[in-house]
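To find a chain, count down the sequence lines: A is the first, B the second, and so on, and within it residues start at 1. Predicted model only: the values in this text are computed from it and were never measured.
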Number of protein chains: 2
Amino acid sequence: MGGGFAQENGMAAIDQRTEELTQALRTAGVRITRQRKALLEVVAGAEDHPDAVELHRRAVEKMPGISLSTVYRTLTELEAQGVIQRLQFEGEAARFEHTETDHHDHMIDVETGEVVEFRSERIEALQAEIAAAMGYEIVRHRLELYVRRKPSGG
Amino acid sequence: MGGGFAQENGMAAIDQRTEELTQALRTAGVRITRQRKALLEVVAGAEDHPDAVELHRRAVEKMPGISLSTVYRTLTELEAQGVIQRLQFEGEAARFEHTETDHHDHMIDVETGEVVEFRSERIEALQAEIAAAMGYEIVRHRLELYVRRKPSGG
DNA sequence: AAGCCAGTTGCGAATGATTTGCAGGAAAGG
DNA sequence: CCTTTCCTGCAAATCATTCGCAACTGGCTT
């Protein structure tokens, strides 16, 4: 059902996530075309943080001929529905990730480009506190730590 | 010396900042042309967070004919020297600010576009702590709070 | 199974911000 | 004043992303 013979582990979760994305689009009243279906599977299965071009590359494998325009259009729609998130790191093209149940921030290894997710209740609370103290309420925020692997006594 | 008849208050500080920017370029071994001189004064005098086009608009008043290319080139050089900072907020063109002695983060009013600066030692400390716990050290970071003025019972 | 039709698609052209190639121009220092 | 090297303005090039448009197709309705 998940297509292919990838690791048995996790396939179900991906299928479920694909279903969630599909429902989000249906709810938004948009048609589930085969190009969208292909892209949804790709997005649901992405464990990394790919940009539009990379998602397109992967989608082409499932649905040859799908255009980059369609990928962008669908990603924009998915973002509008709140089921995926657009990440805009310094200088790079936007990357996308499916919205998990929990919010998190990102740590970007400046040497490898690798992205690590993390979450800190304390920081979240402090942010709200600071904004409140200045008479504001937070609509959304962005916290990115550009890091380097720490030399561990070499 | 500061040029013009703006508020007496602050003129000296701007002149000093202009001097700092000028020195930074000299140190970098680049020539102080009149277009650069004009731009440096504009940057030093900017109390807001203007983008390249706006800085160009202001620079043209002091040095008619200065091109946008030159503005971009010089801003890039100033950034490389670390005396100004490039801010990349969601969707917008890059904005610039002269590097003050202290580091700070930004709060962007999503309704007015206004930018407020703030700083929290506690958040800074927590970030370093989190990164360290995952084996990283922070190279730089970016924290932006997209906010809305809180309804204060009116 | 056919038909209908608004929503979609692929393509190429358009955007918008920023960068770059190049030929003429001008800082710095002799 | 001269020379050398760096700059500048301009136009064209990039790059990521969006749009216009004619052809196409989901997903109903019959």
Side-chain angles (χ1 to χ4, degrees), chain A residues 21-43 49-81 84-96 113, chain B residues 21-43 49-81 84-96 113:
Chain A
L21 298 178
T22 304
Q23 278 314 316
L25 289 191
R26 263 196 239 287
T27 301
V30 305
R31 290 180 188 159
I32 306 305
T33 62
R34 34 220 166 106
Q35 20 279 82
R36 281 182 176 156
K37 197 164 190 300
L39 180 60
L40 296 187
E41 286 168 14
V42 169
V43 170
H49 300 76
D51 61 19
V53 173
E54 175 58 25
L55 286 170
H56 174 241
R57 206 182 331 269
R58 297 181 194 176
V60 166
E61 289 173 26
K62 293 174 182 274
M63 169 66 207
I66 178 175
S67 73
L68 182 55
S69 304
T70 293
V71 169
Y72 270 115
R73 279 188 284 239
T74 304
L75 288 174
T76 299
E77 186 63 49
L78 289 170
E79 184 193 13
Q81 295 311 309
I84 69 170
Q85 204 131 359
R86 181 185 299 254
L87 309 176
Q88 189 67 263
F89 298 141
E90 298 189 346
E92 333 179 352
R95 292 163 174 241
F96 300 83
Chain B
L21 297 178
T22 304
Q23 277 314 316
L25 289 192
R26 263 195 240 287
T27 300
V30 306
R31 291 177 187 163
I32 306 306
T33 62
R34 40 222 162 100
Q35 19 280 79
R36 281 182 177 157
K37 197 163 189 297
L39 180 60
L40 296 188
E41 287 169 14
V42 168
V43 170
H49 300 77
D51 61 19
V53 172
E54 174 59 22
L55 286 170
H56 175 242
R57 209 185 325 271
R58 297 181 194 176
V60 166
E61 290 175 25
K62 292 173 183 278
M63 168 66 208
I66 178 176
S67 73
L68 183 54
S69 304
T70 294
V71 169
Y72 271 115
R73 279 189 282 238
T74 305
L75 288 173
T76 298
E77 186 61 50
L78 289 170
E79 185 192 13
Q81 294 311 310
I84 69 169
Q85 203 131 359
R86 183 186 297 255
L87 308 176
Q88 190 67 262
F89 299 141
E90 298 189 346
E92 330 178 356
R95 292 163 176 242
F96 300 83

When you measure from the side-chain N and O atoms of [X] to the phosphate of [N], is any distance below 4.0 Å, counting only OP1 and OP2?
X        : N       : value
Thr33(A) : dG7(C)  : no
Gln35(A) : dG10(C) : yes
Tyr72(A) : dT17(D) : yes
Thr70(A) : dG10(C) : yes

Test side-chain contact (heavy atoms from CB on, under 4.5 Å) applied to Leu78(B) and Leu40(B), step by step
CA-CA 9 Å; Leu78(B) 289 170; Leu40(B) 296 188; 3.7 Å; yes
By nearest-nucleotide position on DNA chain C, the 5'-leaning member of Ser69(A) and Ala52(B) is Ser69(A)
Within the structure shown, what part of the strands sits under 4.0 Å from Val53(B) by heavy-atom distance: base, sugar-phosphate, or nothing? nothing
*Are Glu54(B) and Arg57(B) close enough for a salt bridge, meaning some N to O gap below 4.0 Å?*
yes
When you measure from the side chain of Arg95(A) to the backbone of Phe89(A), do you find a donor-acceptor pair of N or O atoms at a distance under 3.5 Å?
no
Nearest whole Å is fine: how far is [N] [atom2] from [X] [atom1]?
X        : N       : atom1 : atom2 : value
Arg36(B) : dA26(C) : CZ    : C1'   : 12 Å
Glu92(B) : dT17(D) : CD    : P     : 17 Å
Lys37(B) : dC7(D)  : NZ    : P     : 17 Å
Arg34(A) : dT8(C)  : CZ    : C1'   : 11 Å
Leu40(B) : dC7(D)  : CG    : P     : 13 Å
Arg86(A) : dT17(D) : CZ    : C1'   : 8 Å
Leu68(A) : dA13(C) : CG    : P     : 16 Å
Glu77(A) : dT9(C)  : CD    : C1'   : 15 Å

Is there a donor and acceptor pair, one atom on the side chain of Arg73(A) and one on the base of dG10(C), closer than 3.5 Å?
yes
When you measure only distances, ignoring hydrogens and angles, does the side chain of Arg31(B) come within 3.5 Å of the base of dC7(D) through a donor and an acceptor? no
Within the structure provided, determine whether Asp51(A) and Glu92(A) are in side-chain contact (heavy-atom separation under 4.5 Å).
no
Looking only at dG27(D), dA16(D), dG10(C), the nucleotide nearest the Arg26(A) side chain is dG27(D)
Glu77(B) and Ala28(B) have their tightest heavy-atom pair at OE2-CB, 3.9 Å
